[in-house]
Amino acid sequence: MHEQEKAFLEFYQGIWELNYYTSAMTYEPCPFRRRSFQQYIQRVSYKLPTLFNEAFSNQVQECNTSRSTKATQVVIPRQELSKYNGKNGFSAYVAINGIVYDVTNNPSWINASHFGLLAGKDLTQEYNSCHTGQSLLGRLSIVGKIE
């Protein structure tokens, strides 16, 4: 059996076990058995993200690649980026490492501002000095690339 198929089956088995033990815990009168169910649920829950990544890694990579490829075909000049500052009806965009991201509805960017940084700018240096090694950009929508 292929490794990804094995991970896929383990992932769905984990989901099934979570459902089963959650239901069993609800109707179990013995507090000791409820506690053991709860501990088992925690162990299974801990493994699920890893199993999900192993089972669906190809699909996630394809999705991210196609999303990134389509969006980076749009080129936004630097002068045009400055008007996307979240004011006068414009969305809030920021450029980081050559990619333009939409931060309009991101809760960290209230009023197109994030810890004193304003949207409509290339914030590569600021981002890299503060968030190096963190994968925060995957949560933002890609608009295009900066010219």
Side-chain angles (χ1 to χ4, degrees), residues 1-76 81 83-87 89-146:
M1 182 181 297
H2 191 270
E3 288 298 315
Q4 193 169 8
E5 291 173 343
K6 182 180 174 188
F8 183 79
L9 291 174
E10 287 178 19
F11 174 74
Y12 277 104
Q13 180 180 355
I15 295 290
W16 184 88
E17 288 174 355
L18 275 180
N19 287 332
Y20 175 82
Y21 284 104
T22 301
S23 296
M25 189 173 72
T26 303
Y27 299 108
E28 178 57 53
C30 176
F32 298 109
R33 289 197 57 182
R34 276 200 311 268
R35 179 67 181 144
S36 70
F37 289 164
Q38 188 178 31
Q39 289 171 343
Y40 186 77
I41 288 169
Q42 287 174 340
R43 281 196 306 274
V44 171
S45 297
Y46 183 76
K47 292 190 311 184
L48 282 180
T50 304
L51 292 173
F52 178 86
N53 288 336
E54 290 172 6
F56 297 104
S57 61
N58 289 344
Q59 290 88 338
V60 170
Q61 283 177 335
E62 288 171 16
C63 183
N64 287 341
T65 301
S66 82
R67 174 180 158 248
S68 178
T69 303
K70 290 175 188 175
T72 55
Q73 292 172 358
V74 176
V75 178
I76 299 173
L81 177 65
K83 75 179 181 182
Y84 289 97
N85 57 8
K87 296 176 179 31
F90 284 99
S91 295
Y93 294 169
V94 296
I96 300 169
N97 297 324
I99 306 294
V100 179
Y101 297 92
D102 185 349
V103 295
T104 305
N105 296 319
N106 188 292
S108 297
W109 281 85
I110 296 172
N111 296 326
S113 174
H114 176 71
F115 293 103
L117 301 174
L118 302 175
K121 299 179 180 181
D122 186 341
L123 300 175
T124 300
Q125 286 182 324
E126 293 84 347
Y127 178 83
N128 289 336
S129 70
C130 188
H131 298 294
T132 302
Q134 298 177 6
S135 59
L136 303 173
L137 299 176
R139 301 174 190 163
L140 300 174
S141 297
I142 298 174
V143 177
K145 62 183 179 180
I146 193 90

Do Thr22 and Phe37 touch side chain to side chain, with heavy atoms closer than 4.5 Å? no
So how far is it from Lys83 NZ to Ser91 OG, rounded to the nearest 0.5 Å? 11.0 Å
Side-chain H-bond candidate by donor/acceptor type, Thr104 with Asp102, under 3.5 Å: yes
Closest non-hydrogen atom pair, Val103 against Ala119: CG2-CB, 4.4 Å
Using a 4.5 Å cut-off on heavy atoms from C-beta on, say whether the side chain of Ile99 contacts that of Ile146. no
Determine the interplanar angle of the Tyr84 and Phe90 rings, folded into 0 to 90°, and report it as parallel if under 30°, tilted if 30 to 60°, perpendicular if over 60°. perpendicular
Just so I know, are the side chains of Arg43 and Gln39 near enough to count as touching, which here means a heavy-atom distance under 4.5 Å? yes
Within the side chain of His114, is there an N or O that forms a donor-acceptor pair under 3.5 Å with the backbone of Ser108? yes
Straight-line distance of Asn111 CG to Asn85 CG, nearest 0.5 Å: 12.0 Å
Using the ring centroid of each side chain, check whether Tyr12 and Trp16 are separated by less than 6.0 Å. no
Before giving the answer on side chain to side chain contact (heavy atoms under 4.5 Å, CB included), spell out for Val100 and Val94 the whole-Å C-alpha distance, their side-chain angles and the decisive distance to 0.1 Å. CA-CA 6 Å; Val100 179; Val94 296; over 6 Å; no
What heavy-atom pair brings Gly86 and Ala112 nearest, and what distance separates the two atoms? CA-CB, 4.0 Å
If we only count heavy atoms from C-beta on, is the Tyr21 to Gln38 side-chain gap below 4.5 Å? no
Please check if the number of heavy atoms outside Gln42 that lie under 6.0 Å from its CD is greater than 12. yes
Can you tell me how far CD1 of Ile96 sits from CG of Leu140, rounded to the nearest 0.5 angstrom? 7.0 Å
Euclidean distance, Gln125 CD relative to Asn97 CG, rounded to 0.5 Å: 10.5 Å
Quick one, Tyr40 with Glu17, criterion side chain to side chain contact (heavy atoms under 4.5 Å, CB included). Give me CA distance, side-chain angles, the key distance, then yes/no. CA-CA 9 Å; Tyr40 186 77; Glu17 288 174 355; 2.7 Å; yes
Flag the pair Leu18 / Ile41 as yes when at least one side-chain heavy-atom distance between them is below 4.5 Å, and no otherwise. yes
Of all heavy-atom pairs linking Glu28 and Arg33, the shortest is CG-CB, 3.7 Å
Pairwise side-chain contact, Ile142 with Tyr101, heavy-atom cut-off 4.5 Å (strictly under): yes
Can you tell me how far the CD1 atom of Ile76 sits from the NZ atom of Lys145, to the nearest 0.5 Å? 11.5 Å
Quick one: are Leu48 and Ile15 in side-chain contact, heavy atoms under 4.5 Å? yes
Verify side chain to side chain donor-acceptor pair (under 3.5 Å) between Asp122 and Thr124, making sure each step is shown before the conclusion. CA-CA 6 Å; Asp122 186 341; Thr124 300; 2.6 Å; yes
Distance col, row Asn105:CG vs Ile110:CD1, nearest 0.5 angstrom, shows 11.5 Å
